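Written out below as structure tokens is the structure these notes cover.
Throughout, protein chains are lettered first and strands after them, A, B, ... in sequence-line order, and every chain is numbered starting at 1. Everything numeric in this text was worked out from a predicted model, so none of it was measured.
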Protein chains: 2
Amino acid sequence: MPKEHLEARRRQILDAARRCFVRNGFHATSMQDLLAEAELSAGAVYRYFGSKDDIIAATASEALAEVAAAFAADDGAPPPGLDDVVDLVLGVERPPLSGSRESARFLVQVWAEALRSPSLSARLKEVMAEARGVVGGLVARHQERGQLSADVPPEQVADVLMALVDGFLVRRAVYGHADPAAFRNGLRALMSVPAPR
Amino acid sequence: MPKEHLEARRRQILDAARRCFVRNGFHATSMQDLLAEAELSAGAVYRYFGSKDDIIAATASEALAEVAAAFAADDGAPPPGLDDVVDLVLGVERPPLSGSRESARFLVQVWAEALRSPSLSARLKEVMAEARGVVGGLVARHQERGQLSADVPPEQVADVLMALVDGFLVRRAVYGHADPAAFRNGLRALMSVPAPR
DNA sequence: TTGTCAAGGGCGAATGTTCGTTCTACGTTG
DNA sequence: CAACGTAGAACGAACATTCGCCCTTGACAA
């Protein structure tokens with residue numbers, strides 16, 4: 001009886017917490033908000049988590065794990081077109097990262113929280129460093145095939161691609177209007193600009 | 001006596017508030033933190049601002065005004081190279097927007113806060129819509145000169161450019177390592193990718 | 001089958017703290 | 001002396017967290 005029930009309760013709490021945090025941010029969400037959303041009492045929740053900070057850390061960590069998984073899944077995959085990389089990472093077809101506007105909103109909150117939590121910041125940098133490696137590898141393979149000028153460090157291109165993803169997430173979370181197809185279209189156009197001067 | 005002194009006090013409070021908010025976020029900053037940073041008493045601060053929310057709104061609004069000004073300054077300017085647009089907007093030479101890591105951090109906090117404040121969200125969308133118009137205009141002029149394929153709506157390209165800026169800000173704020181020159185370099189490489197397939 | 005008991009999950013009022021805000025008394029200045 | 005700014009103690013509300021009690025559950029003895 002215990003094992004699976006305990007895990008289910010934990011999930012119930014984390015899911016409720018995520019909904020609250022998406023709606024109101026970490027620090028503007030009170031424990032009472034969270035308890036109401038989870039339909040649980042204070043005593044019950046505190047049996048599973050030691051403090052509110054623990055719950056914040058757990059939800060944030062889970063979200064980052066999803067991001068890491070989304071990038072790791074592309075590692076070693078047959079090298080797609082370079083803008084397909086963006087597609088993948090925008091999660092047009094890959095649910096975890098881009099799930100919906102809620103995921104984007106939550107990630108923005110995580111960024112903000114990482115600005116004041118050293119441990120969260122460390123974990124975030126870790127995840128992004130790994131992702132940079134994966135994307136950098138894809139870029140390098142394109143360079144070997146001559147589809148991209150080879151005299152620029154692959155990491156620099158990877159940084160730009162990942163910044164595009166972050167920027168897209170911001171637009172989806174904050175501004176609302178973020179159509180992946182239109183975005184891809186714009187990027188495609190940008191990628192065909194001739195060298196300057 | 002009154003006029004300029006009042007304005008100076010207001011500035012003193014807003015500057016202190018900004019420092020606090022950058023350090024700890026809006027809601028994890030207490031009034032006492034703020035009072036200590038401003039070296040003022042509660043009574044003094046509440047003479048200038050009605051509530052903590054007013055202070056949050058004022059600092060956020062000020063930051064957005066700086067962003068708007070940075071974009072507006074480029075309107076009607078002689079059309080630079082398309083990656084120069086990115087330079088401008090990254091603020092390599094334009095202090096207000098990119099000032100430093102602190103500005104980027106503060107903007108991330110503003111994004112997060114906009115997720116729960118309708119009025120701030122509205123103001124943010126307003127500013128970004130205007131910026132989109134400016135950048136879209138620059139893109140359109142490039143299209144007229146044949147420097148960019150003309151069969152794509154300028155706004156779509158503008159969205160990508162602005163997402164790049166947002167993404168760059170995230171990286172500067174959160175991950176620390178964000179060298180504008182390297183970024184520009186990576187983007188330059190990306191912009192010379194031949195058409196796919 | 002039925003009665004008993006120990007264990008533990010769950011509850012929600014109570015707790016002490018900290019929050020944002022207000023109020024009154026005290027300089028300071030023109 | 002009047003008027004204005006400022007300070008800091010004081011206030012109620014709301015916060016995160018704790019604590020003692022209830023109820024359910026499963027094993028076991030009768």
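The nearest pair of heavy atoms linking A/Arg10 to A/Phe49 is NH1-CE2, 3.4 Å. Shortest non-hydrogen contact noted between B/Val67 and B/Val127 is CG1-CG1, 4.2 Å. Considering all non-hydrogen atoms of both residues, B/Gln109 and A/Leu115 come closest at NE2-CD1, 3.7 Å.
Annotation: side chain of A/Arg18 is in contact with side chain of A/Ser103 (closest heavy-atom distance under 4.5 Å). You'll find the side chain of B/Val139 stays beyond 4.5 Å of the side chain of B/Gln156, heavy atoms only.
Of all the residues in residues 17-35 of chain B, not one reaches under 4.0 Å from DNA chain D with any non-hydrogen atom. Residues of residues 45-57 of chain A that place a heavy atom closer than 4.0 Å to DNA chain D, in numerical order, are A/Tyr46, A/Ser51, A/Lys52.
Each of C/dT22, C/dC11, D/dT18 was ranked by its minimum atom distance to the side chain of A/Ser41; first place goes to C/dC11.
Test A/Arg171, A/Arg184, A/Arg172 against B/Asp159 for salt bridge (Lys or Arg N to Asp or Glu O under 4.0 Å) and you get one pass: A/Arg171.
When atom types are taken as modelled, the side chain of B/Thr59 and the backbone of B/Ile56 share a donor-acceptor pair closer than 3.5 angstrom.
Atom P of nucleotide D/dA7 and atom CD of B/Glu39 are separated by 10 Å, given to the nearest angstrom.
Every residue meeting the ring pair (Phe, Tyr, Trp, His ring centres under 6.0 Å) condition with B/Phe26, not counting sequence neighbours, appears here in chain and number order: B/Phe21, B/Phe106.
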